[in-house]
Number of protein chains: 2
Amino acid sequence: MDQKAKTLPNAGINPNVSVDCVIFGFDFEELKVLLIQRKEGPDQDLAREGRWALPGNLIRDDESLDTAAGRVLGELTGLERIYLQQFQAFGNPDRVRRQADAEWLHYMREQPNARVITVAYFSLVKLHGFEPQPRSFARNVAWFPIDEVPDLAFDHNEIVESGLLALQRILRQRPIGFELLPRKFTLGQLQRLYEAILRRPLDKRNFRKKMLKKDILVALDEKQQGVPHKPAQYYRFDKQKYAEWEEKNLDADFDVVPV
Amino acid sequence: MDQKAKTLPNAGINPNVSVDCVIFGFDFEELKVLLIQRKEGPDQDLAREGRWALPGNLIRDDESLDTAAGRVLGELTGLERIYLQQFQAFGNPDRVRRQADAEWLHYMREQPNARVITVAYFSLVKLHGFEPQPRSFARNVAWFPIDEVPDLAFDHNEIVESGLLALQRILRQRPIGFELLPRKFTLGQLQRLYEAILRRPLDKRNFRKKMLKKDILVALDEKQQGVPHKPAQYYRFDKQKYAEWEEKNLDADFDVVPV
DNA sequence: ACAAAAGTGTTTAATTTACACCCATGT
DNA sequence: ACATGGGTGTAAATTAAACACTTTTGT
């Protein structure tokens with residue numbers, strides 16, 4: 001047992017392994033990513049603009065990777081109990097060697113020169129309802145359109161890229177998109193979500209046909225109100241029915257789009 | 001800089017991160033996995049049976065994860081320059097806490113109690129041609145049928161399971177199976193490979209139809225010899241043509257089986 | 001009246017599926 | 001002659017793709 005470890009504030013923190021979360025949100029128009037702005041020094045010193053980064057941090061030695069991802073995300077943004085899925089480990093030896101990150105590492109980390117590999121998670125949250133709050137070393141939290149992500153810390157731009165690819169892949173296999181929408185939604189909103197994630201237009205009639213045929217949506221007896229056009233039917237996702245669909249289609253893909 | 005690190009034999013070895021390789025092979029009958037048998041003590045002491053494990057080890061601080069996977073595999077089995085793909089990180093805090101692994105850890109590792117997360121890779125090699133040789137702490141190397149994998153070290157049984165699932169998933173997206181066959185092969189052999197990986201029978205005529213339609217196989221002017229049945233046509237995989245197929249089908253799946 | 005998005009079906013093409021017999025060879 | 005796997009085609013069912021107009025509401 002390392003005596004040092006017991007007395008320092010960072011006891012139990014593993015210096016070599018971190019988790020990072022690519023959190024996607026959808027505002028009915030475009031796909032967004034949740035980023036935090038780091039504090040680059042003591043609280044008083046907010047003159048310097050902090051660098052934007054993915055919410056992430058070193059793991060503890062007594063927690064699993066999944067647990068760490070949930071904990072770190074909560075600590076930095078206040079988001080709790082949300083769907084998180086591991087998608088890739090990043091371990092380039094120079095991923096934490098950028099000059100732009102040196103100061104923050106020295107300020108925050110007990111071992112600023114440690115080699116750090118990171119395990120990346122992605123997640124989907126309903127933009128409407130959760131309001132992330134900056135905490136810990138996050139000075140700010142904000143949603144960025146996926147096309148307007150700034151230059152991020154470390155290799156986080158690469159991680160965002162890969163996260164989007166992972167999301168696109170998963171979307172073909174499971175109707176995961178519902179995590180991004182409120183309980184009730186219209187088919188138009190659902191289609192725009194798919195288009196935002198896949199980054200291409202879909203045929204309206206074919207999309208509706210296929211989606212409804214899965215028999216995992218139930219129509220509510222409620223319609224849009226106050227919209228300057230024909231009000232749309234509201235639907236909700238039926239978890240029960242989806243579980244049945246999944247059982248009957250054990251290794252089928254959830255395809256609602258042409259490949 | 002840690003002075004200790006410079007003088008020890010393990011200088012540059014990261015105590016917290018390892019890589020493990022799930023290497024698949026195919027002998028025209030069933031799918032196999034390459035395992036190593038660990039030396040549990042000094043070379044003289046070979047009376048004790050070593051535990052079987054996936055080829056894997058701690059990474060170095062100056063290499064990427066991909067590089068580490070290739071290096072470690074080479075060090076333990078002699079296999080070089082083979083296709084390796086990362087598929088999942090495993091980070092349960094008690095994954096290296098099994099009693100059965102304690103002795104080996106104390107014998108091999110400078111920090112036997114360190115928390116270790118591992119990044120798992122899978123790979124496909126031609127059983128015929130490569131002959132893996134035990135080296136380093138591998139006392140033995142052997143191919144095990146995927147259904148007869150013994151109780152392995154650490155969480156390696158779980159990793160093998162996940163690796164097979166990853167392989168099945170990837171096989172739908174890319175015609176990766178050719179890595180498991182010699183340069184020339186028959187359509188029957190190819191089909192048996194798919195059946196071994198997917199663990200279900202496929203329709204012969206439909207399989208051939210779909211596979212040939214991809215236009216990535218070329219028939220050689222050579223047939224089987226000495227077989228007690230109609231000799232089969234030999235084919236080879238055409239990388240060039242596959243590259244073309246991939247370009248034309250940017251995000252299509254390589255489906256040769258019903259989903 | 002106009003703008004804006006909702007909602008709706010059909011036709012054609014492509015793909016998937018199920019299925020059975022003859023062929024060439026070694027023993 | 002017989003056992004063994006190689007090789008081949010078609011018909012029916014399903015799914016995918018392309019495509020345009022009417023409806024309902026707010027302003």
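Only this structure's heavy atoms are used, side chains among them; waters, hydrogens and symmetry mates stay out. Predicted model only: the values in this text are computed from it and were never measured.
Computed from coordinates, the A/Lys210 NZ to D/dT14 P distance equals 17 Å when rounded to whole Å. One interatomic measurement links the two molecules: CZ of B/Phe185 to P of D/dG6, which rounds to 14 Å at whole-angstrom precision. As a whole-Å value, the separation of B/Gln225 CD from D/dG6 C1' is 16 Å. We find that CD of A/Glu29 is positioned 10 Å from P of C/dA5, with the value rounded to whole Å. D/dG6 atom P lies 16 Å from atom CD of B/Glu222, rounded to whole Å. In this entry the distance linking OH of A/Tyr235 with P of C/dG7 reads 6 Å, nearest Å. Protein atom CE of A/Met211 is 16 Å distant from nucleotide atom P of D/dT15, rounded to whole Å. To the nearest angstrom, C1' of C/dT8 lies 12 Å from CG of A/Leu212.
Phosphate contact (OP1/OP2 of C/dT15, side-chain N/O of B/Lys213, threshold under 4.0 Å): present. At least one side-chain nitrogen or oxygen of A/Arg208 sits closer than 4.0 Å to the OP1 or OP2 atom of C/dG7.
A donor-acceptor contact closer than 3.5 angstrom is absent between the side chains of A/Tyr234 and A/Asp221. Side chains of A/Tyr83 and A/Gln85: a donor-acceptor N/O pair is present below 3.5 angstrom, by distance only.
For the pair A/Gly226 and A/Arg205, both in contact range of DNA chain D, the more 5′-proximal nearest nucleotide belongs to A/Arg205. Summary of the strand contacts: A/Ala232 and A/Asn206 both lie near DNA chain C, and taking for each the nucleotide with the nearest heavy atom, the more 5' one is attributed to A/Ala232.
If you check every strand for non-hydrogen atoms under 4.0 Å, B/Gln233 touches sugar and phosphate atoms only.
At a cut-off of 3.5 angstrom, counting only N and O atoms as typed in the model, there is no donor on one side facing an acceptor on the other between the side-chain of A/Lys230 and the base of C/dA4. One N or O donor and one acceptor, one from the side chain of A/Lys209 and one from the base of C/dT10, sit under 3.5 Å apart.
Because its NZ or CZ atom is not both nearer than 6.0 Å to the ring centre of A/Phe207 and within 45° of the ring axis, A/Arg200 does not count as a cation-pi partner of that residue. For the pair A/Arg192 and A/Phe185, the cation does not sit on the ring face, since its NZ or CZ is not both under 6.0 Å from the ring centre and inside 45° of the axis.
In this structure, B/Asn157 contributes its side chain and B/Leu152 its backbone to a donor-acceptor pair below 3.5 Å.
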